[in-house]
Amino acid sequence: MALSKSVVSPPQLENRIWDPAETMPRDQLRALQIHRLRETVAHAMRVPFYQQAFQKTGITPGAIRTLEDLRRLPFTVKNDLREHYPLGLLAVPRTQIARIHGSTGTTGKPTFVAYTYKDLQTWADLCARFLVAGGLRPEHTVHIAFGYGLFTGGFGLHYGVERVGAAIVPASAGNTSRQIDLIRDLEANVLVGTPSYSLYLADVCQQRGIDPRELPLEYAHFGGEPWTEDMRVEIERELNLAAFNNYGLSEVIGPGVSGECFVRDGMHIQEDHFIVECLDPDTLEPVPEGERGELVITALTKEAMPMIRYRTRDIASLNSAPCPCGRTTIKMSRITGRTDDMFIIRGVNVFPSQIEEALLRVEGTTPHYQIEINRPNALDEVTVRVEIRPQDFSDMMAKMQALKQRIAREIQQVAGIRANVELVDPHTLERFAGKAKRVLDNREKASG
Ligand code: DLL
């Protein structure tokens, strides 16, 4: 078993399970999934979009007999939501809607997702499951630094924490200095937000002469954006806490699709509510277990907006090996990239996570970086800007040159591309209160 190479081992890394459904025997789980899939298809018939799509493939709820029949169902893509803007995929009367959230719109026009009251209850339970798996107890105080608004992070985690019975400080995003005061004064033990924001928080602490390791935080639940194992190590070292990963997306519910247990070697997929396929994004055929592919998710219990075979564009792998925590659900790896944030440099596919991995291998760098891509003479050129730690900043040209060369070598090794490396002063690159935006691709702008 590959335990995470965490540098802190707080005594509280214990095994807790919120819902017995998480440990259901696999054959029972499969039977439940087939039953729910059949119900989902019947329910989705109420949505004209799905009704037409099913008619085209000739599928009826009765035809769903095994899980393999899932593959006969049509895919749903982001554009289907856009084409039915704002709420054309509802399967219930508008009067039954209890809440509406929206995707962040980082990859185009925003889209909306709707929840019935029952959907909200399900969602809170799913968030409670991964929070408890990651150590949350009723006596904790949780500082939520996700934005409260259309984004599903704030409210999603909020009601999950409430379900567990812990105290919530709904700080929301922004005003980082004040957030530090809140964490200190209200003695928060748990931080919820994006991983990149936690490093920003640590940064601001240092600027104010506060040792971030002295904050009362013991745990953190991070999600909403990709991060690497090396970044976990860095965050845990900077803030002296145990960091857990959780994953989700607004189209299929929000946070709560999957999350880590104390083993922290993959995120348990809440399979009684979601079927996750891992497909080759080009052929749309399943990849062998353990290989990376695009996650395609079918929600099994959503009332307001059923979601069938949603192409997430997120790249990860699946692992069905039994987990020491006792949960019987399969696990997904970290998201290593998105099919749409991958950039191609002179024919080589590169994910920002590979650049991050390369940078964090080099002593003296920080996880604050930016990737800029230009095409000055019809050839792609990549510049990676990275902040270096204040103590490693040096006036000696030779020392800085050597550091740059080491970074370039690591990038070449991990990502297979040659990059110009610029070392920049500490605290000079933009920080993000929500999801970090690391890539500036100027190529389209230049050519169009
Ligand atoms: O980010 C839901 C969420 C909020 C999950 C808070 C976890 C915590 P969207 O705004 O619709 O929803 O963005 C979904 O964010 O397709 C992934 O690309 C990315 N993402 C979410 N969680 C992770 C994670 C929320 N743990 C998109 N690791 C997804 C990597 C993540 N990427």
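We use all heavy atoms of the structure for the numbers below, so side chains are in, but hydrogens, waters and symmetry mates are not. Just follow the structure's listing: the first ligand is 1, and inside any ligand the first atom is 1.
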Check each heavy atom of [X] against ligand 1 and say whether those closer than 4.0 Å belong to the side chain, the backbone, both or neither.
X	value
Leu249	both
Lys435	side chain
Asn245	side chain
Arg313	neither

Those residues at least two apart in sequence (or on a different chain) that pass side chain to side chain contact (heavy atoms under 4.5 Å, CB included) with Glu214 are Asp211
Does Gln179 reach the main-chain N or O of Ala145 with its side chain, forming a donor-acceptor pair under 3.5 Å?
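Flag not set: sc Gln179 to bb Ala145 has no pair under 3.5 Å.
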- Item | Gly224 N/O to ligand 1 N/O under 3.5 Å | yes
- prompt: Any N/O of Thr312 closer than 3.5 Å to an N/O of ligand 1?
  reply: no
Enumerated ligand 1 atoms positioned under 4.0 Å from heavy atoms of [X]:
X	answer
Thr152	2 (C), 12 (O), 25 (C)
Asn246	7 (C), 8 (C), 22 (N), 24 (C), 26 (N)
Asp314	16 (O), 17 (C), 18 (O), 29 (C)

Heavy-atom proximity to atom 31 (C) of ligand 1, best of Arg338, Arg334, Glu251, Glu225: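 Among Arg338, Arg334, Glu251, Glu225, the closest heavy atom to atom 31 (C) of ligand 1 comes from Glu225.
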A student comparing Gly156, Ser250, Ser353 should find that the heavy atom closest to atom 11 (O) of ligand 1 comes from Ser250
Going by atom types alone, do [X] and [Y] pair a side-chain donor with an acceptor below 3.5 Å?
X	Y	value
Thr336	Arg292	yes
Thr329	Gln270	no
His427	Gln207	yes
Thr301	His273	yes
Tyr115	Thr122	no
Tyr369	Glu356	yes

